[in-house]
Asker: 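Quick one: this structure, given as structure tokens, is what I'll be asking you about.
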Amino acid sequence: SVYREMNSLRSLSIEVEKCLGVKSVFIVESGTHAETVKNLGAQAAIVFEDHISKGELIGVTGGETIYSVSESIVSRDEKFDVTVIPARGSVGSQARFQANTIASRIANKLNAKLQLLPIPETVSKQAMEIFLSDSEMREAYEMLKSLDVLLFGIGRADVMLARRGINEEKSSKVLNCGAVSEAFGNYFNLKGDRVYSQESVGISLDKFLSIPKIIGVAGGVEKAQAIISISTLRPDMVLVIDESAAHEIIKEV
Ligand code: F6P
């Protein structure tokens with residue numbers, strides 16, 4: 001029954017919370033890749049909306065999973081006094097999954113303010129200086145230092161290195177250092193030590209560690225190690241994952 005199904009997901013999440021040592025884990029049913037992403041989005045949208053309140057500054061990252069969250073957020077008629085900002089510059093070729101696009105979608109749905117970050121994720125130091133000499137851009141960039149909430153995706157290191165077009169030599173180096181996960185431009189090993197970070201525009205690891213509320217969303221059995229790795233960064237994080245990842249995490253931890 002639906003009831004039994006809900007109960008078993010609930011006890012599975014308690015088990016995963018214990019395994020990972022994180023505060024709160026929500027688990028959704030797994031299906032095909034598309035179904036899993038949809039379920040993650042639906043659950044994470046509820047969790048996200050429960051965690052935001054008036055006056056807050058909300059950062060969001062890119063990727064297919066967070067895009068799915070944006071799809072599930074309910075449109076509000078009344079203005080909601082929060083500001084949404086992409087936590088990173090853009091990456092990859094699919095505009096749909098870029099942090100800027102997702103932030104704008106979420107701001108629209110929430111009937112909230114939007115602060116864009118019109119800077120590519122990877123730029124040279126020089127280019128960055130030019131960008132930041134523009135007062136509007138500097139202001140946007142400064143806002144990233146005072147996020148109240150972060151909604152972020154978690155990726156596999158190998159997948160993200162490829163998605164970002166990092167060359168073979170560099171990629172092997174990073175993977176040989178034990179990188180299994182990627183989040184907000186940083187690559188971590190299974191224990192959560194950062195092994196590589198891209199010269200890039202967006203929230204820093206330091207900042208990440210002090211954002212009051214963080215919600216990570218990821219699923220699929222192939223992301224189990226990435227989720228374990230990222231969960232070590234903050235025991236107070238809220239995670240939304242799927243059943244298949246949950247079972248694999250329990251096996252591995
Ligand atoms: O590129 C943005 C990002 O949030 C990464 O930090 C993360 O690793 C990835 O997307 C997750 O993407 P997806 O949800 O498509 O697996």
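All values derive from a computational prediction rather than experimental measurement. Keep in mind that the numbers below use all heavy atoms, side chains included, and drop hydrogens, waters and symmetry copies. In listed order, ligands and their atoms are each counted from 1. If you read the sequence from its start, that first residue is 1, and numbering goes on from there.
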Asker: Which atoms of ligand 1 sit under 4.0 Å from any heavy atom of Met160?
Answerer: 1 (O), 5 (C), 8 (O), 9 (C)
Asker: Side chains of Gln115 and Leu57: closer than 4.5 Å at any heavy-atom pair?
Answerer: no
Asker: Could you tell me if the side chain of Met160 sits less than 4.5 Å from the side chain of Gln198, heavy atoms only?
Answerer: no
Asker: Can you tell me if Asp242 and Ser244 form a side-chain donor-acceptor pair at under 3.5 Å?
Answerer: yes
Asker: The criterion is side-chain hydrogen bond (donor to acceptor under 3.5 Å, both in side chains); which residues satisfy it with Glu49, sequence neighbours excluded?
Answerer: Arg76
Asker: Salt bridge between Lys223 and Glu248, side-chain N to carboxylate O under 4.0 Å?
Answerer: no
Asker: Considering only heavy atoms, does Arg163 approach ligand 1 within less than 4.0 Å through its side chain, its backbone, both, or neither?
Answerer: side chain
Asker: Which of the atoms of ligand 1 are close to Thr61, meaning less than 4.0 Å from one of its heavy atoms?
Answerer: 4 (O)
Asker: Which residue, Ile154, Leu12, Ile227, forms the side-chain contact (heavy atoms from CB on, under 4.5 Å) with Ile241?
Answerer: Ile227
Asker: Relative to the heavy atoms of Gly155, which atoms of ligand 1 are at a distance of less than 4.0 Å?
Answerer: 7 (C), 8 (O)
Asker: Judged on heavy-atom distance to atom 3 (C) of ligand 1, which of Ala157, Gly153, Gly62 sits nearest?
Answerer: Gly62
Asker: With side chain to side chain donor-acceptor pair (under 3.5 Å) as the criterion, how do Arg10 and Ser13 come out once you've worked through the C-alpha distance, each side chain's angles and the decisive distance to 0.1 Å?
Answerer: CA-CA 5 Å; Arg10 185 63 209 132; Ser13 66; 2.6 Å; yes
Asker: Look at ligand 1 and say whether Lys223 reaches it with a heavy atom at a distance under 4.0 Å.
Answerer: yes
Asker: Ligand 1 versus Arg164, non-hydrogen atoms closer than 4.0 Å: side chain, backbone, both, neither?
Answerer: side chain
Asker: Check Ile154 against ligand 1 and report side chain, backbone, both or neither, counting heavy atoms closer than 4.0 Å.
Answerer: backbone
Asker: Regarding atom 6 (O) of ligand 1: of the candidates Arg156, Glu64, Glu182, which has the closest heavy atom?
Answerer: Glu182
Asker: Judged by non-hydrogen atoms, does Phe184 sit under 4.0 Å from ligand 1?
Answerer: yes
